[in-house]
Amino acid sequence: MNTRTILGNSLMAGMAAALLFFSPASHAQAQADRAFMEMAAQGGMAEVQMGQMATRQAADPDVKQFGQRMVDDHGKANAELKQLAQKKGVTLPDDTDKKHKDIAARLAKLKGAEFDRAYMAAMVKDHQEDVTHFENKAKNAKDADVKAWAGKTLPVLKEHLQMAESLHARLAKSGSK
């Protein structure tokens, strides 16, 4: 084989590898991981904000305690996600999305038992969605670090969902305090 053939074959092999690495499917999956990180950041910020609201506005001590748990757990997850994003060169949003702003604005107008019921209903719905998204990324993320973070965070979100469902059911039965 001559040098020209060897170089040509090497170039072709390199181009084929680049096409596989930068395939549209690979790029789309990387974009999906980035979008997940952005969505998780917005959701996490919203959980902290609404949790703080619950510690101030709730009547039921268990709702106040749940709110503080959201502040603590989602605050920790947010810090971990921020470190991961910096490592990956992903710029996370610095504010919540419209959906979460609308929920927070509605909750901000409520106090006491009315707040308790509305907040816990929102937490059930939000955590159901979170668990679905995190289960997907824990299984299907392209990036190993994103997959690991989603898998590590998922059990906490499932616990939050169980707590929210239980508390929501109790408040619905009792009419809250």
Verify the distance criterion only: is there a donor paired with an acceptor across the side chains of D130 and H133 at less than 3.5 Å?
->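 D130 vs H133: no donor-acceptor pair found between side chains.
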Answer yes or no: is there an ion pair linking E135 with K139, defined by an N-O contact shorter than 4.0 Å?
-> no
Salt-bridge contact R106-D102 (side-chain N to carboxylate O under 4.0 Å) =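 Judged by the 4.0 Å cut-off on N to carboxylate O distance, R106 and D102 do not form a salt bridge.
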Hey, is the main chain of [Y] close enough, under 3.5 Å, to the side chain of [X] for a donor-acceptor pair?
X    : Y    : value
S166 : M163 : no
K137 : A150 : no
K142 : A30  : no
Q49  : A104 : no

Among Q42, Q52, H74, H100, which one satisfies side chain to side chain contact (heavy atoms under 4.5 Å, CB included) with E47?
-> H74
Option among Q162, M120, Q65 that satisfies the side chain to side chain contact (heavy atoms under 4.5 Å, CB included) test with L167 =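 That would be M120.
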Mind listing the closest non-hydrogen atom pair of [X] and [Y] along with its distance?
X    : Y    : value
A77  : T153 : CB-CG2, 4.4 Å
A54  : V63  : CB-O, 4.1 Å
M37  : L81  : O-CD2, 3.5 Å
K99  : D126 : NZ-OD1, 4.1 Å
F134 : A40  : CZ-CB, 4.0 Å
K152 : P155 : O-CD, 3.4 Å

Verify same cluster id: V131, M50 (apolar side-chain graph, 4.5 Å) | no
Kindly state each residue pair satisfying side-chain hydrogen bond (donor to acceptor under 3.5 Å, both in side chains) with at least one member in residues 87-96, sequence neighbours excluded.
->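 Residue pairs with at least one partner in residues 87-96: K87-D145, K88-D143, K88-D145, D95-K101.
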How about H168 and H160: are their ring centroids closer than 6.0 Å?
-> no
What distance separates L110 CG from D116 CG, expressed to the nearest 0.5 Å?
-> 10.0 Å
With sequence neighbours excluded, residues passing salt bridge (Lys or Arg N to Asp or Glu O under 4.0 Å) with D73 |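 With neighbours one apart ignored, the set is R69.
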If you draw a 6.0 Å radius around NZ in K82, do more than 12 non-hydrogen atoms from other residues or ligands fall strictly inside?
-> no
